[in-house]
Enquirer: 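I have a structure here, written as structure tokens, and I will follow up with some questions on it.
Just so it is clear, the model here is predicted, and its values are computed rather than measured. Just so you know, residue 1 is the first one in the sequence shown, and it goes up from there.
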Amino acid sequence: IIVLYAAYIAVSLMFLPKVSGLADRKASMTIQVKDWRGDYQPFVVGPRNRYWTPTGSIPAEMKWAVIVAEDARFYRHEGIDVKALKKAIKYDLEKKSFARGASTITQQVAKNLFLSREKSITRKIKEIILAKRMEQELTKGRIIELYLNVVELGPMVYGIGHGARYYFGKPASALTPRECAFLAAMLPGPRVAYNPYKNLARVSKRSDMILGLLRGKGVLSGEEYRLALAEEPNIAGLQRKVDESIARSEVVQAPMTSAALPAAGETQTPEGTSGVGDGKGPTPEGTTDKEEGATQKPAAEQVPQPEDGGR
């Protein structure tokens, strides 16, 4: 059985999609994603998505908020955080379940774009291989740009461009540090655990924690941190909008779970489904890294890169 499974894995890896096409910021692709009703909907990744936000329009605080909250070693690993993976494996063996995934931001992009959501060893292996390939083909800035444009933030609300409009009525480029932290705080579970309409106190507490990390990282000055803590995100009155959007089952753009970049005229689909296509974008840049002693305000193209010099 082990030999057969190994053979199956080997064959599966041979048919993994190419990731090199993701480097083209002018290209768009369409994938299939599940809405909150469990139905598949097409989602456009790239400039043809009206909510697509290129890296130059993404606040550095937003980029750093997801890095410190989701993948603190993002600029130090090459797609896989070995330390976190070892801890996750140990924990999962103790619990006898896939309780922890230890997925890096790169792995999450690979999963959202090319794989299904099933929790299995096979999918995890594919995810790791794709993440390694993405790190070889793409800059860290491009990976962050893709990640922030496909994260789930609400009912058929995916990407910070849509999230910023949906929750705060403004473009992503106008988000305040508090609003950036608020959106980042929702990422672990926007449907239930960190749904601001059901658990606002929990989301606010987590966003406070993220602001503290941004201050410690040197992304925020003392005054900026103080002002951000004092700010209360204004999301009142949106529960009705949430309920209505679910009731209408709006087919707005959703996150990802699809297959490879399409050739001209083709569309992209998740494992086992099909899609229809579109896309756009540039790259991120950054601010400080306290651990390295640098202290500069984030630029427009790439969040500062501690030890990897650009990858």
Enquirer: Between the main-chain N or O of V192 and the side-chain N or O of N199, is there a donor-acceptor pair closer than 3.5 Å?
Expert: yes

Enquirer: We want to know whether T106 and E135 form a side-chain donor-acceptor pair, criterion being a heavy-atom distance below 3.5 angstrom.
Expert: yes

Enquirer: Take K18 and E137, measure what salt bridge (charged side-chain N to carboxylate O under 4.0 Å, His left out) needs, and give me the verdict at the end.
Expert: CA-CA 10 Å; K18 293 182 179 181; E137 299 282 349; over 6 Å; no

Enquirer: Closest approach of A228 and R178, non-hydrogen atoms and distance?
Expert: O-NE, 3.1 Å

Enquirer: At what distance, to the nearest 0.5 angstrom, does OH of Y194 lie from OG of S204?
Expert: 11.5 Å

Enquirer: With the 4.5 Å side-chain cut-off for hydrophobic clustering, are L200 and Y197 part of the same group?
Expert: yes

Enquirer: Name all residues meeting the side chain to side chain contact (heavy atoms under 4.5 Å, CB included) criterion together with L213; count only those two or more places apart in sequence or in a different chain, and write none if there are none.
Expert: V68, M209

Enquirer: Output the distance between atom CG (N112) and atom CG (L146), rounded to the nearest 0.5 Å.
Expert: 10.5 Å

Enquirer: Is there a side-chain contact between Q107 and L130 (heavy atoms, below 4.5 Å)?
Expert: no

Enquirer: What heavy-atom pair brings G154 and W36 nearest, and what distance separates the two atoms?
Expert: C-CZ2, 3.2 Å

Enquirer: Got a sec, which residues hit salt bridge (charged side-chain N to carboxylate O under 4.0 Å, His left out) with D81, two or more places apart in sequence or on another chain?
Expert: R73

Enquirer: Who pairs with R133 by salt bridge (charged side-chain N to carboxylate O under 4.0 Å, His left out), at least two apart in sequence or on another chain?
Expert: none

Enquirer: Mind checking the CG-CG spacing from L138 to D24? Nearest 0.5 Å is all I need.
Expert: 11.0 Å

Enquirer: What I'd like to find out is whether the side chain of P155 reaches to under 4.5 Å of the side chain of Y166, using heavy atoms alone.
Expert: yes

Enquirer: State the CD1-OG1 distance between I67 and T104, to the nearest 0.5 angstrom.
Expert: 12.0 Å

Enquirer: For the residue pair Y158 and N149, establish whether any side-chain heavy-atom pair is separated by less than 4.5 Å.
Expert: no

Enquirer: Which atoms form the tightest heavy-atom contact between T176 and E231, and what is the distance?
Expert: OG1-OE2, 2.9 Å

Enquirer: Counting N and O atoms only, with roles assigned by atom type, does the side chain of N49 sit under 3.5 Å from a partner on the main chain of V44, one being a donor and the other an acceptor?
Expert: yes

Enquirer: Would a hydrophobic clustering, with Ile, Leu, Val, Met, Phe, Trp and Tyr connected at side-chain separations under 4.5 Å, put V82 with I125?
Expert: no

Enquirer: Are there over 12 heavy-atom neighbours, none belonging to E78, within less than 6.0 Å of that residue's CD?
Expert: no

Enquirer: In plain terms, say whether D71 and R76 are close enough for a salt bridge, that is, a side-chain N and a carboxylate O under 4.0 Å apart.
Expert: no

Enquirer: Working note: K63 + E70, criterion salt bridge (charged side-chain N to carboxylate O under 4.0 Å, His left out); need CA distance, chi angles, decisive distance, verdict.
Expert: CA-CA 11 Å; K63 297 169 188 173; E70 298 289 307; over 6 Å; no

Enquirer: Considering only NZ, NE, NH1 and NH2 on the basic side and carboxylate oxygens on the acidic side, decide whether K170 and E179 come within less than 4.0 Å.
Expert: yes

Enquirer: Could E224 and R215 be called an ion pair, given the rule that one side-chain N must be under 4.0 Å from one carboxylate O?
Expert: no

Enquirer: What are the two closest non-hydrogen atoms of P177 and L211, and how far apart are they?
Expert: O-CD2, 3.8 Å

Enquirer: Which residues satisfy the side chain to side chain contact (heavy atoms under 4.5 Å, CB included) test with K205, sequence neighbours excluded?
Expert: none

Enquirer: What distance do I143 atom CD1 and Q108 atom CD have between them, rounded to the nearest 0.5 Å?
Expert: 12.0 Å

Enquirer: If hydrophobic clusters are built by linking Ile, Leu, Val, Met, Phe, Trp and Tyr wherever their side-chain heavy atoms come under 4.5 Å apart, do I121 and L115 end up in the same one?
Expert: yes

Enquirer: Among residues at least two apart in sequence or on other chains, which ones pass side chain to side chain contact (heavy atoms under 4.5 Å, CB included) with A193?
Expert: R202

Enquirer: Taking only residues two or more places apart in sequence, or in another chain, which ones meet A184 in a side chain to side chain contact (heavy atoms under 4.5 Å, CB included)?
Expert: M62, A65, V66, I210

Enquirer: Fit a plane to each ring of H162 and Y51, take the angle between them on a 0 to 90° scale, and name the class: parallel (under 30°), tilted (30 to 60°) or perpendicular (over 60°).
Expert: parallel

Enquirer: Does R142 come within less than 4.0 Å of E145, counting only side-chain N to carboxylate O?
Expert: yes

Enquirer: Does K140 make a cation-pi contact with F74 (under 6.0 Å, within 45 degrees of the axis)?
Expert: yes

Enquirer: What distance separates I160 CD1 from L175 CG, expressed to the nearest 0.5 Å?
Expert: 6.5 Å

Enquirer: Could you report the tightest heavy-atom contact between F114 and P17, atom names first, then the distance?
Expert: CD2-CG, 3.6 Å

Enquirer: Judged by modelled atom types alone, do Y40 and Q32 share a side-chain donor-acceptor pair under 3.5 Å?
Expert: no

